[in-house]
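So the structure is just underneath, and the comments pick up after that.
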Amino acid sequence: RDQPRSRGLGDVYKRQNAVDERNRLMTDGALRTVLDVLNDLAADVGCVQEALRAMRFLARGSRERIRAFAAQRAAELAVSALQRHVGRAGVERWACGALLALAWDDVGRAKCSAAGGVEAVVDTLRRRCAGGPVELVDHACSALKNMAGSDAANKAKAGVAGAVGAVVDVLRRYTATGPTSLVTVACGALWSLTSSNADNKVRCGAAGGVEALVAVLSRHSVDGPADVLEEACGALKNLTIGDNANVNRSGAVGGVEALVDVLRRHCANGPATMLGQAAGALWSIISDHDENKTKCGAAGGVQVVVDVLRGYAGGPTKTLEQACGALKNLLISHDVNRGRCSAAGGVEAMVVVLRRHGVGGPVALVGQACGAIWSMTSNHTSNKGRVGSAGGVEVLVGVLKSRCETGTTWLLEQACGAIWTVAGGHESNKEKFRAAGAKDVLNQVIRTHPGASRVLANARGALRQL
């Protein structure tokens, strides 16, 4: 206490450096010990198991340690142990655990792939998915999830090796009985494996993955937990993006109703990320699919999506984007759903979203919100009037004015389309648009984007109405 403050803080800094150095030396020593054991082909099975377990926990969440292990052939040693000790559940569990830890980092992931880690883990999962033990299956699914990650080559390898079918088998085996943590990890593995991989989407659909994911949603929609719902919704969304067969399957096995039920039960206080994935999955399943739109509307889907918009109008923006996209697609060429939207207060909710985010918000969100207003007012006089009464005319003009020079052509197309339909055949709204300066802004858009044919068509169409 008697020392000057700077000297006291300096002593604290020196002591902390000493502690950090001791920790580094201890970690380096542990790393060498682990690698020595794994390099010893004559090592006792118990020692190998504990070495792999130590690698799992030493590498977890630390890029520095992962890369230190990767530089010393750790991935190759873990794969070798997995292949040499087939049938030894403890070794298999912690070898998969070590690989999942190493694959958390891009460098470690590449080393795992080069060592044959993807194929080795898939082989283990295919043998163990039915009989467990549960902890081993969990680690294998987690390792696949991490190794697939954003690595297109690993996703392809895993698909060819049979990973998708094996993970679907895990869901089929454990959804009803748990543990929930394993179901969550398996859904996450499917989400990762099918992201931007058309072949794995086809494999998953053929293996019964859509049905398995819908079963997860039905089993856990009441009490969650939220993370299993989020992973299942994310996986179902990925499965159905750009895959008509899986969209059809989802509708046939109750996927639309299951997603609506999740949103209904959790829209008031559920995590925003989970609601965003559920809305995104609904968006994907109803896109260009009249039957699924009708099912969604009949199940109350319009109301629950509007409830999400109302409850999360302030953000996060990604959740709002997914909900706006879902509502937009629900209303395209569907008069009954437009009427439901009006009754649910969807027009006013969308205007609030645009008022809050239209000027400075993300392009994807603002474009989807403008597109939703375009969709809900197309051939619907009542909704046009609601937009005008809620102040939506001025909001749309403000969006276009703020984005007319710097916005993407897609966003401008959506905004001009919304102005066109909101003004069309509605004299009161036309007057409001003129008073807000819409004609000048639309002409500026035309001058600024002479080569954007869709933008020009919508801007000129809007001008004709004014």
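For clarity, every value in this text was computed on a predicted model and none was experimentally measured. FYI, the numbering just counts along the sequence from 1.
Between the side chain of Asp40 and the main chain of Asp36, no donor-acceptor pair closer than 3.5 Å is present. Side-chain N or O atoms of Ser113 include none that pairs as donor or acceptor with a backbone N or O of Asn154 at under 3.5 Å. Side chain of Arg403 to main chain of Val359: a donor-acceptor pair is present (N/O by atom type, distance under 3.5 Å, no hydrogens or angles). Not a single donor-acceptor pair under 3.5 Å links the side chain of Asn197 to the backbone N or O of Leu193. A donor-acceptor pair under 3.5 Å is formed between the side chain of Lys201 and the backbone N or O of Ile241. Ser250 places a side-chain N or O within donor-acceptor distance of the main-chain N or O of Asn246, the cut-off being under 3.5 Å. Looking at Asn329, its side chain never comes within 3.5 Å of a backbone N or O of Ile286 through a donor-acceptor pair. At distances below 3.5 Å, not a single donor-acceptor pair connects side-chain atoms of Lys157 with backbone N or O atoms of Ala152. Distance alone, capped at 3.5 Å, places no donor-acceptor pair between the Thr377 side chain and the Lys384 backbone. A donor-acceptor contact shorter than 3.5 Å links the side chain of Ser192 to the backbone of Gly149.
Across all non-hydrogen atoms, the minimal contact from Ala235 to Cys187 is CB-O, 3.6 Å. When all heavy atoms are compared, the tightest approach of Trp191 to Glu230 is CZ3-O, 3.7 Å. Residue Ala101 comes nearest to Ile66 through the heavy atom pair O-CD1, 3.3 Å, listed as atom of the first residue, atom of the second, then distance. Minimum heavy-atom separation, Val306 to Ala344: CG1-O, 3.5 Å. Between Ala95 and Ala78 the shortest heavy-atom distance is CB-O, 3.8 Å. Contact between His380 and Ser342 at its shortest, heavy atoms only, is CE1-CB, 4.5 Å.
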Apply side chain to side chain contact (heavy atoms under 4.5 Å, CB included) to residues Gln49 and Arg53 and explain how you reach the verdict.
CA-CA 6 Å; Gln49 175 180 317; Arg53 182 178 184 179; 5.6 Å; no
Assess the residue pair Leu365 and Val353 against the criterion (side chain to side chain contact (heavy atoms under 4.5 Å, CB included)); give the C-alpha distance rounded to whole Å, side-chain angles, the decisive distance to 0.1 Å, and a yes or no.
CA-CA 9 Å; Leu365 164 58; Val353 170; 4.2 Å; yes
CA sep, side-chain torsions, deciding dist, call: Cys204, Leu190, side chain to side chain contact (heavy atoms under 4.5 Å, CB included)
CA-CA 8 Å; Cys204 193; Leu190 278 187; 3.9 Å; yes
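In this structure, Ile373 and Val422 have side chains that are in contact, with non-hydrogen atoms separated by less than 4.5 Å. Contact check for Thr124 versus Cys96: side-chain heavy atoms found under the 4.5 Å cut-off. Side-chain contact check for Val86 versus Glu92: some heavy-atom pair is nearer than 4.5 Å. Asn146 places none of its side-chain heavy atoms less than 4.5 Å from the side chain of Leu99. Looking only at side-chain heavy atoms (C-beta outward), Tyr174 and Thr180 stay at 4.5 Å or farther from each other. The closest side-chain heavy-atom distance from Arg65 to Leu31 is not below 4.5 Å. In this structure, the side chains of Val91 and Leu82 stay at 4.5 Å or more apart for every pair of heavy atoms. No side-chain heavy atom of Cys112 sits less than 4.5 Å from a side-chain heavy atom of Val118.
Among residues at least two apart or in separate chains, salt bridge (Lys or Arg N to Asp or Glu O under 4.0 Å) pairs with a member in residues 137-148 are Lys145-Glu231. Each salt bridge (Lys or Arg N to Asp or Glu O under 4.0 Å) pair with one or both residues in residues 109-123, not counting sequence neighbours, appears once here: Asp106-Arg109, Asp123-Arg127. Identified under the side-chain hydrogen bond (donor to acceptor under 3.5 Å, both in side chains) test for residues 204-228, with sequence neighbours left out: Ser221-Asp261. For residues 259-314, no pair satisfies ring pair (Phe, Tyr, Trp, His ring centres under 6.0 Å), with sequence neighbours left out. Among pairs with a residue in residues 237-255, none fulfils salt bridge (Lys or Arg N to Asp or Glu O under 4.0 Å), at least two apart in sequence or across chains.
Judged as a ring-ring contact (aromatic ring centres under 6.0 Å, His included), and not counting sequence neighbours, Trp374 has no contacts. With sequence neighbours excluded, the residues forming a side chain to side chain donor-acceptor pair (under 3.5 Å) with Arg203 are Asn200, listed by chain and number. With sequence neighbours left out, the salt bridge (charged side-chain N to carboxylate O under 4.0 Å, His left out) criterion links Arg310 to Asp307. Judged as a salt bridge (charged side-chain N to carboxylate O under 4.0 Å, His left out), and not counting sequence neighbours, Arg73 has no contacts. Residues passing the side chain to side chain donor-acceptor pair (under 3.5 Å) test with Arg88: none are found, sequence neighbours excluded. Listed by chain and residue number, nothing satisfies the salt bridge (charged side-chain N to carboxylate O under 4.0 Å, His left out) test with Arg173 (two or more places apart in sequence, or in another chain). Considering only residues two or more places apart in sequence or on other chains, Arg60 meets the side chain to side chain donor-acceptor pair (under 3.5 Å) condition with none of them.
Side chains of Ser80 and Arg84: a donor-acceptor N/O pair is present below 3.5 angstrom, by distance only. Side-chain contact annotation: Ser378 with Thr421, donor-acceptor N/O pair under 3.5 Å absent. Under the 3.5 Å distance criterion, with hydrogens and angles disregarded, no donor-acceptor pair is assigned to the side chains of His357 and Thr317.
Here the SG atom belonging to Cys129 is positioned 10.5 Å from the CG atom belonging to Leu136, to the nearest 0.5 angstrom. Here the CD-OG1 distance, from Glu413 to Thr408, works out to 9.5 Å after rounding to the nearest 0.5 Å. Atoms CG and CE, on Leu320 and Met350 in that order, are 9.0 Å from each other to the nearest 0.5 Å. With rounding to the nearest 0.5 angstrom, the NE2 atom of His139 is 13.5 Å from the CZ atom of Arg128. Within the model, atoms CD of Gln322 and CG of Leu327 stand 13.0 Å from one another, a figure rounded to the nearest 0.5 Å. Atoms CG and OG1, on Leu275 and Thr273 in that order, are 8.0 Å from each other to the nearest 0.5 Å.
Using the six-membered ring where Trp is involved, Trp94 and Phe57 have ring planes that are tilted, between 30° and 60° apart.
For the pair Arg454 and Trp410, the NZ or CZ position fails the cation-pi test of under 6.0 Å to the six-membered ring centre and within 45 degrees of the ring normal.
Heavy-atom contacts from other residues, nucleotides or ligands closer than 6.0 Å to CZ of Arg126 number 12 or fewer.
Looking at Val347, Val302, Leu330, Leu331 one by one, the single match for side-chain contact (heavy atoms from CB on, under 4.5 Å) with Arg338 turns out to be Leu331. Screening Leu282, Val262, Leu259, Val260 for a side-chain contact (heavy atoms from CB on, under 4.5 Å) involving Val304 leaves a single residue, Val260.
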